[in-house]
Amino acid sequence: MKSLMNSFVGKIIVMIIIAGMAFWGVDQMFAQIRGGLGSNLAASGSRSIDPQAFDRRVETVIRNINAESEEPMTKSQLQEQGMIDQLFQMEAAKLTLLGFAESIGIHPSADAVVEELKTVDAFKNPLTGALDLDTYRQVLYSSRITQKEYEQQVADDLILKALRNGANAAIYPAKTLSNLQARYIGEEREVAWFLLDATKLPEPDAPTDEEVRAFYDENLESLKQPERRMIDMLKMSSEDFISQVTVTDQEIATIYEASKTERYSEPDTRTYVELYFDTREAARSAFGLLAAGGDSASLQGVANRETKTGRKEGTADKDLAEAMFGPGKQSGALFGPVERGNQWMIARLMSVQPGAVLPLEQVEQEIRDQLSRERAEVMLYEKMEALDRAIGAGYPLSQIGEELNVPIMTFAPVGPQGVTEEGAPMVSLINAGDAFAQAFQIPVGETSNRYDGPTGIFLTSPRKIIEAYTPEFDQIKERVRRNLLRERETNARQTALDQLKERLQSGETTLEVEARKSDTEVESPPAPISRRNAADTGLPTQAIASIFSGKEGEVFTFPSRDGNIVLVLEVLRITPPDETQIASIAPIADTSLITSLQSDLNQALDGEIQAYMKLRTNEAALNAYKASISTDQ
């Protein structure tokens, strides 16, 4: 070893080790060794999660979000919004519970997992309605998850469910608490109101020039105009290249001939027979005979028979429509048995009548447009390569536009929100997303990073910067006057409403008197309001909250969005429920209390388990995973 350290190779090895410790951190390296986590992100007891499993969880979340969202989301966007850290915290909390469950011997049986799989409709055979292993494997394959991984997820869900059920099984509220909740739910309040026309309230005096000037001097900061920038923008999408694409008539004819029966024909018409039986056993026996090739006309025990001919859109039963009209369904396809009313129904597809093929002239433009768009997409990808080369070479935006033959758009000066000084939003510029935001972070003449948005690829470059400034008084004198007048009108209305409330609450006046002054009438609900029927009154949510927080005789005012109409409401009487009402409400009170108590107990259980089980986390591995997201993207 000594001779190795004195050699040239030994010195190189020592230098590499020292550099590695300096780069990755000695403390992190030894902390990871001491923690025993290896490459795992976190561990608790015998359970752990590695970057690959966590990444699958992230992918699942993205798929679920994108399935419901018009604008697709990426991992980078999840990370920017802090959702990666939130997901990690959720998975770590789940890991702690699973580690605790395994430590006390909670394991679901294989039968329990299978029973859970049987409840998933996606895994069922559309004909028999039973769990189908081929369908099960196909669904998992398309979802990019292995059978072992999915069944582990199901087992984990059963473990967590067992923990929750065990904690919540014997919860019931004490009678004292139940009675209090019943009083809370059953309390009734009588209210009345009228609508006040606020435009008829006294108007404030018009401000003088001196008052307008003083208001200007007091609000210099709020009157300050933000920095605005005149921005050049390059937007590139496949739409820009459609005009450069050539599609020949021969290509259209070839595509038409190859796919006219599948894509360019009217929907087919199908004939199927619905057979109804009095018992499930009779229906299952008939299903077996039909599956073996039996004739539906010779079946015994058929209570009713209906032969139908039509198209898929005319079949109200979605499951039946999929079984009779789904892709690949041929004569002889079966559906059922399913319960329909007091009977059991099975259906058999008898024949398929193809729809009429549309003439070439009718679909020619559709084929041309589709081909043009596909080829324009190819051109876009080629242009993207040229774009990246131009960006890498440091070309200015104008030269990039010339290289790609894509026009550059110049926008009037806008603020960071994409709005001009006159208040007009520049929507096209706002759609540039990160490229637009970056235009406020780079100097004039520089080009932003490329931003790939849902409507195209964007680059921006600031052309001119207009520094933040406060306009001179003479320039905005009338606008300041309008602002001051609006402020006075708002204050005057609020003062008038406060005075009205004081008069009503003191008994100096009544709702009826004030309603007559406003040429309107006092209104009230047909029955007292309780917390059970409050939502049915049609009153604003804010008003309902005030009704149940107020006292007898208290008055509230609720202006409309524009402030011109004001709801003036008074709490007339508060009536607690009597003993008979409390007894009738008790089941409802118990249900709401049990839900609340279960939530509290689950939180306490989680806290106790987290205190008992040691959760070990690997911050270095988590940071490496998050860094890989931006690299991959």
Side-chain angles (χ1 to χ4, degrees), residues 27-65 73 75 78-79 81-110 112-114 116-117 120 140 143-169 598-629 632:
D27 57 336
Q28 289 187 7
M29 181 178 70
F30 284 105
Q32 186 166 330
I33 293 172
R34 288 195 302 270
L37 291 175
S39 61
N40 289 327
L41 301 179
S44 179
S46 62
R47 298 300 297 265
S48 62
I49 183 170
D50 58 26
Q52 292 75 27
F54 182 63
D55 187 63
R56 286 193 294 272
R57 172 63 175 148
V58 173
E59 291 280 0
T60 301
V61 170
I62 289 177
R63 282 198 300 272
N64 292 339
I65 292 174
M73 177 170 280
K75 288 183 186 178
L78 280 184
Q79 183 170 339
Q81 296 175 15
M83 293 180 67
I84 296 293
D85 288 325
Q86 293 179 29
L87 282 172
F88 178 72
Q89 294 300 324
M90 292 171 59
E91 291 299 310
K94 179 179 175 181
L95 200 66
T96 304
L97 297 178
L98 293 172
F100 171 76
E102 289 204 358
S103 71
I104 60 175
I106 298 180
H107 297 283
S109 66
V113 174
V114 172
E116 195 70 16
L117 295 178
V120 182
L140 294 185
S143 300
R144 291 179 289 180
I145 183 171
T146 67
Q147 188 172 337
K148 181 180 179 181
E149 291 167 350
Y150 182 77
E151 289 171 5
Q152 182 62 57
Q153 290 180 13
V154 173
D156 289 347
D157 291 340
L158 290 173
I159 290 173
L160 296 175
K161 185 178 179 180
L163 282 176
R164 299 289 185 227
N165 290 346
N168 298 334
Q598 286 177 342
S599 176
D600 292 344
L601 186 59
N602 285 334
Q603 290 184 15
L605 174 67
D606 292 350
E608 287 297 317
I609 291 175
Q610 290 170 7
Y612 175 77
M613 295 295 296
K614 180 181 179 183
L615 175 68
R616 294 165 292 159
T617 58
N618 188 342
E619 291 296 330
L622 178 61
N623 291 333
Y625 170 75
K626 291 192 287 187
S628 71
I629 291 177
D632 293 342

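What you see is a predicted model, and the numbers here were worked out from it, not measured in a lab.
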Out of curiosity, Ile62 CD1 to Glu59 CD, how far, rounded to the nearest 0.5 Å?
5.5 Å
Hey, are the side chains of Leu97 and Arg164 touching, using non-hydrogen atoms and a 4.5 Å cut-off?
yes
Euclidean distance, Leu163 CG relative to Leu158 CG, rounded to 0.5 Å:
11.5 Å
Side chains of Val120 and Tyr150: closer than 4.5 Å at any heavy-atom pair?
yes
Taking the basic N atoms (NZ, or NE/NH1/NH2) and the acidic carboxylate oxygens, is any pair closer than 4.0 Å for Asp606 and Lys94?
no
So, for Thr96 and Ser44, which heavy atoms are closest and what is the spacing to 0.1 Å?
CA-OG, 3.6 Å
Taking all atoms of both residues into account, what is the closest heavy-atom pair of Leu622 and Leu41, and its distance?
N-CD2, 3.6 Å
All heavy atoms of Leu117 vs all of Glu151, minimum pair found to be CD1-OE2, 4.4 Å
Kindly compute the distance separating CG (Asp55) from CG (Leu87), expressed to the nearest 0.5 Å.
11.0 Å
Tabulate below the donor-acceptor pairs under 3.5 Å that side-chain atoms of residues 47-54 make, not counting sequence neighbours, or state none.
residue: Arg47; atom: NH1; partner: Glu102; partner atom: OE2; Å: 3.1
residue: Arg47; atom: NH1; partner: Asp156; partner atom: OD1; Å: 3.2
residue: Arg47; atom: NH2; partner: Asp156; partner atom: OD1; Å: 3.2
residue: Arg47; atom: NH2; partner: Asp156; partner atom: OD2; Å: 3.0
residue: Ser48; atom: OG; partner: Asn40; partner atom: ND2; Å: 3.4
residue: Asp50; atom: OD1; partner: Gln52; partner atom: N; Å: 3.3
residue: Asp50; atom: OD1; partner: Ala53; partner atom: N; Å: 2.7

Any non-hydrogen side-chain atom of Val58 less than 4.5 Å from a side-chain atom of Met83?
no
Over all atoms of both residues, closest heavy-atom pair of Arg57 and Glu91
NE-OE2, 3.0 Å
So how far is it from Leu78 CG to Asp85 CG, rounded to the nearest 0.5 Å?
11.0 Å
When every non-hydrogen atom of Gln147 is compared with those of Leu140, the smallest separation belongs to CA-CD1, 3.7 Å
How long is the straight-line distance from CD1 of Ile629 back to CD of Gln79, given to the nearest 0.5 Å?
4.5 Å
Minimum heavy-atom distance Ser103-Met613, with the two atoms named
OG-SD, 4.3 Å
Residues which pass side-chain contact (heavy atoms from CB on, under 4.5 Å) with Thr146, listed by chain and number, not counting sequence neighbours
Lys148, Glu149
Got more than 12 heavy atoms from elsewhere within 6.0 Å of CD, Glu608?
no
